[in-house]
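In what follows, chains carry the letters A, B, and so on, assigned in the order in which the sequence lines appear, proteins first and then strands, with residues in each chain numbered from 1.
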2 protein chains.
Amino acid sequence: MEDFLPVINYVSRHIQLTDEEKSYLASLLRITRVKKKQYIVQPDFVCKYKSYVVKGALRSFLMGNEGQEHTISIAIEDWWIADYHSYINQVPATLFVEALEDSILIQIDYNAEQLLMETHPKFERFFRIISQRSLASTQHRMLSNLSKTAEQRFEEFETKYPKMMNRIPQYIIASYLGFSSEFLSKIRNNRTKKS
Amino acid sequence: MEDFLPVINYVSRHIQLTDEEKSYLASLLRITRVKKKQYIVQPDFVCKYKSYVVKGALRSFLMGNEGQEHTISIAIEDWWIADYHSYINQVPATLFVEALEDSILIQIDYNAEQLLMETHPKFERFFRIISQRSLASTQHRMLSNLSKTAEQRFEEFETKYPKMMNRIPQYIIASYLGFSSEFLSKIRNNRTKKS
DNA sequence: ATTTTTACCTGTCCTATTTCAAGCTCATTT
DNA sequence: AAATGAGCTTGAAATAGGACAGGTAAAAAT
């Protein structure tokens, strides 16, 4: 059970858990180690697991028809990642989920999650809270994309996720913010001139 | 209670309700009528209610610094609308929610929703399911915005929401899809030439 | 130790989309 | 009946950001 403490703590930040609930939750989890560049989800395969990042970094992205990669989400320590559409509907994925560094993950599979909610309805609350939070933050991202320029979005990203700036390659950040890596390079260049 | 049947039916599509639960739910709802152009949410005021559209059409939008309107969501019959960030955190809104037609709404307020979940935990499940669904669809919208051209997004909108095409002004659809209304006009013009 | 690959930068040209300005049509108000 | 305003169109000029090509340095693979 010690192995799963990071997830148990994560859940405990949102709902109160008894010892029985903690160990039942732990019984449904598993640990996985992945190497840099390894895919844990691929198009056409159902995304069976939702992954909590204990150590490392991953991203989910869409491969466009002309080979352009569009990063949907980035996860470092204490974040979750999956192809959510594939996961919640248990249909084939459209995204890749790729390790950006050697990583350690704690995973829960779809059936276990359903079982968890059926036997312990308290977890419905947990999943509701985190879905609502991600919904609010995804909507905020939409809003930034609609109303801000590339440079403004980049600044917002820097202040919001300083830890990612050092670790995540810039071409991935660019593809997350919705512009080309060359353009990001130009933004940075302009800034050093100004200052 | 007849007045609230649309919402009771909506909820019943996702979870099974007893008669007691239905009438308790109904006791927490209220009906509101709004006229075209009326705001039901405004920046700096807390968004107290989540609104289900019985009849009519509304949108939520952000007013940019230079006066550009960015439409975040559009709701017609059988949709819900609110400034979600303001609603779930009970902090001042940043969005407007505006009636696009004379409308009839069924509303639930934040405290009633919390009470509902505490006294009848079954509703946690309902709110979880709909948050997850909106999360999946918001992520899909992000993905379209990142990977598709203006014309492709417009085509996607047409096939996905045909009912809105007839009712919602084009400048609002453009601001929802993330481009100018003039450009939408040009897209349509190009198409009639081709066909 | 050397070769290959990855991430990043820079310049030039290119295009999707914006901005501005004007005009048109239809519905609503007076 | 005139006036107003909302929504849509059109065209010309401007621009944010993209695509391409080439170059460098460091990291990773052999």
Side-chain angles (χ1 to χ4, degrees), chain A residues 35-39 57 59 61-71 74 96 98-102 144-158 164-194, chain B residues 35-39 57 59 61 64-71 74 96 98-102 144-158 164-194:
Chain A
K35 307 233 20 144
K36 185 169 172 173
K37 290 202 183 175
Q38 193 177 326
Y39 295 141
R59 66 157 173 162
F61 69 96
L62 174 73
M63 180 66 76
N65 300 327
E66 284 86 25
Q68 340 86 149
E69 300 175 359
H70 302 280
T71 299
I74 303 177
F96 290 88
E98 175 195 33
L100 302 176
E101 304 173 0
D102 294 353
S144 286
N145 280 208
L146 290 176
S147 64
K148 298 186 176 167
T149 66
E151 181 163 9
Q152 289 169 330
R153 276 176 276 152
F154 178 62
E155 276 164 12
E156 187 180 14
F157 186 93
E158 278 183 301
M164 294 190 181
M165 285 302 300
N166 318 310
R167 296 169 69 169
I168 311 296
Q170 291 188 24
Y171 77 93
I172 289 177
I173 295 176
S175 83
Y176 175 87
L177 294 174
F179 45 80
S180 69
S181 61
E182 292 95 330
F183 194 68
L184 177 46
S185 194
K186 283 164 199 172
I187 289 173
R188 307 183 103 227
N189 189 314
N190 282 336
R191 288 211 284 179
T192 50
K193 275 179 197 160
K194 281 180 200 160
Chain B
K35 307 235 23 146
K36 185 170 173 172
K37 293 198 181 179
Q38 191 176 328
Y39 296 141
R59 67 157 173 161
F61 69 97
N65 300 327
E66 283 85 25
Q68 342 84 160
E69 300 175 359
H70 302 281
T71 298
I74 303 175
F96 290 88
E98 174 196 33
L100 302 175
E101 302 173 1
D102 293 353
S144 286
N145 280 208
L146 290 177
S147 65
K148 298 186 175 167
T149 66
E151 182 163 8
Q152 289 169 329
R153 275 176 276 150
F154 178 61
E155 276 163 12
E156 188 180 13
F157 186 93
E158 277 182 303
M164 294 190 182
M165 285 302 300
N166 317 311
R167 294 171 70 170
I168 311 295
Q170 291 189 23
Y171 77 93
I172 288 176
I173 295 176
S175 83
Y176 175 87
L177 294 173
F179 46 81
S180 70
S181 63
E182 292 94 331
F183 194 65
L184 178 46
S185 191
K186 283 162 199 173
I187 288 173
R188 307 182 101 227
N189 189 316
N190 282 337
R191 288 211 287 179
T192 51
K193 275 179 195 159
K194 281 179 198 158

Taken to the nearest 0.5 Å, the spacing of R59(A) CZ from E69(A) CD works out to 4.5 Å

From CG of N190(B) over to P of dT10(D), roughly how many Å is that when rounded to an integer? 10 Å

Selection from dG11(C), dC8(D), dC9(C) that lies nearest to any side-chain heavy atom of S185(A): dC9(C)

In Å, rounded to the nearest 0.5 Å, how long is the span from OG of S181(B) to CD of Q170(B)? 9.0 Å

Terminal helix-axis angle for the helix from dT10(C)-dA21(D) to dT30(C)-dA1(D), with five pairs defining each axis and rounding to 10 degrees: 30°

By nearest atom, which of the nucleotides dT17(C), dT19(C), dA21(D) is closest to the T149(B) side chain? dT17(C)

Out of dT10(D), dA7(C), dT10(C), minimum distance to the side chain of P169(A) belongs to dA7(C)

Between P on dG17(D) and NE2 on H70(A), what's the gap in Å once rounded to a whole number? 16 Å

Measure CG/N145(A) against C1'/dG17(D) and give the value in whole Å, please. 14 Å

Check whether any side-chain N or O of D102(B) sits under 3.5 Å from a backbone N or O of K36(B) as a donor-acceptor pair, and report yes or no. yes

If I take atom CD in residue E182(A) and atom C1' in nucleotide dG11(C), what distance separates them, rounded to the nearest angstrom? 11 Å

Straight-line distance of Q68(B) CD to S180(B) OG, nearest 0.5 Å: 12.0 Å

Within the structure, does a side-chain N or O atom of R188(B) lie under 4.0 Å from either OP1 or OP2 of dT9(D)? yes

dT17(C), dG17(D), dC20(C): which one has an atom nearest the side-chain heavy atoms of R153(B)? dT17(C)

Can you tell me the distance, in whole Å, between the CG atom of N189(A) and the P atom of dT12(C)? 13 Å

Under 4.0 Å: is that the gap between some side-chain N or O of Q68(B) and OP1 or OP2 of dT19(C)? no

Side chains of R191(A) and E151(A), heavy atoms from C-beta outward: is any pair under 4.5 Å? yes

For atom NZ of K148(B) and atom C1' of dT17(C), their distance in whole Å: 19 Å

Nearest of dT9(D), dA7(C), dT17(C) to any side-chain atom of Y171(A)? dA7(C)

Ring centres under 6.0 angstrom apart (F154(A), F179(A)): no

Is there a donor and acceptor pair, one atom on the side chain of K37(A) and one on the base of dT5(C), closer than 3.5 Å? no

Could you tell me how the ring of F96(A) sits relative to the ring of F61(A): parallel (under 30°), tilted (30 to 60°) or perpendicular (over 60°)? parallel

Nearest to the side chain of Q170(A), heavy atoms from C-beta on, is which of dT19(C), dC9(C), dT9(D)? dC9(C)

May I have the distance from F183(A) (atom CZ) to dC8(C) (atom C1'), rounded to whole angstrom? 16 Å

Nearest to the K186(A) side chain among dG17(D), dG7(D), dA19(D), which nucleotide is it? dA19(D)

Looking at every non-hydrogen atom in both residues, tell me the closest pair between R153(B) and N145(B) and how far apart they are. CD-ND2, 3.5 Å

Rounded to the nearest angstrom, tell me the gap between atom NZ in K36(B) and atom P in dA27(C). 12 Å

